[in-house]
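To start, the structure itself, in structure tokens.
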Amino acid sequence: TVIATQSWPVIGNVSVTSFALSMLMEIDGAGNKRFSGSVQGSVAIGKFVFGVYVPYNKPGEVIEFMLPEVAINGVLVNELYGIVGSQSKVVEGDALETALEGATGEVKAKVKAELAAKAEQAKQTSKAALRK
């Protein structure tokens, strides 16, 4: 296994922030050698950092991308599209009620309506951006 923990630039604002290479050689009963392993790490494009895992010669394993949490106006875009972010947080409905404890019914209704409108707006904006 080879591990690099210091980042290095690739080109422009693209850099590798961490890197690991793992290799394994197995010899079966007939003396046949089989190599397998993986490459994994983190890549930064400007301030956007994502992780990647690429196995080779490992049946049943697939390439994986680890994406950061993306939020627009407090709405998690990752959750809208079923993408698991590395720092996804789920806020239960009770948390909003607790935060608004002591507020009048009118204020609670207004906050909930604004959040619903922002969620819908973020959803439409992200869908439109994906269609381009």
Side-chain angles (χ1 to χ4, degrees):
T1 301
V2 177
I3 299 174
T5 57
Q6 293 183 337
S7 66
W8 70 88
V10 176
I11 188 169
N13 65 350
V14 178
S15 63
V16 174
T17 57
S18 67
F19 174 81
L21 169 67
S22 176
M23 293 184 63
L24 176 67
M25 182 184 75
E26 299 173 307
I27 302 174
D28 65 13
N32 298 317
K33 294 178 183 174
R34 179 177 173 257
F35 291 91
S36 63
S38 63
V39 175
Q40 61 187 13
S42 300
V43 177
I45 301 173
K47 292 183 180 183
F48 182 79
V49 179
F50 64 94
V52 64
Y53 171 77
V54 181
Y56 54 92
N57 206 18
K58 289 185 160 188
E61 292 193 26
V62 296
I63 294 176
E64 296 178 33
F65 292 94
M66 286 65 73
L67 300 173
E69 178 181 271
V70 177
I72 298 174
N73 292 330
V75 176
L76 295 178
V77 176
N78 305 53
E79 290 180 3
L80 292 175
Y81 294 96
I83 300 168
V84 179
S86 60
Q87 299 175 345
S88 291
K89 298 176 185 173
V90 177
V91 178
E92 299 295 330
D94 294 341
L96 181 59
E97 289 296 328
T98 303
L100 293 174
E101 194 172 301
T104 65
E106 183 180 327
V107 170
K108 287 181 183 180
K110 184 176 180 180
V111 169
K112 287 181 181 180
E114 285 179 18
L115 286 174
K118 285 182 181 182
E120 184 59 32
Q121 180 184 10
K123 184 176 179 180
Q124 295 304 321
T125 301
S126 60
K127 281 184 179 181
L130 287 174
R131 290 184 184 126
K132 289 182 180 179

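These numbers come from a predicted model, not from an experiment. We're numbering straight along the sequence, starting at 1.
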Expected output: side-chain Ser42 to main-chain Thr17 donor-acceptor under 3.5 Å: no
Criterion side-chain contact (heavy atoms from CB on, under 4.5 Å) on Val43 and Val49, from CA distance to verdict: CA-CA 6 Å; Val43 177; Val49 179; over 6 Å; no
same_hphob_cluster(Leu21, Ile63) at 4.5 Å side-chain heavy-atom cutoff: yes
Minimum-distance pair of heavy atoms, taken over all atoms of Ser36 and Asn57: CB-O, 3.2 Å
Cluster link Val39 to Ile3, ILVMFWY, side chain under 4.5 Å: no
Heavy-atom pair of closest approach, residues Ser15 and Pro9: CB-CA, 3.9 Å
Neighbour count >12 (heavy atoms, 6.0 Å) for atom CD, Glu26: yes
Contact summary for Ile27 and Lys33, nearest pair of heavy atoms: CG1-CG, 4.0 Å
Taking every non-hydrogen atom, the tightest pair across Tyr53 and Val62: CD2-O, 3.9 Å
Tyr56 and Val54, any side-chain heavy atoms less than 4.5 Å apart: no
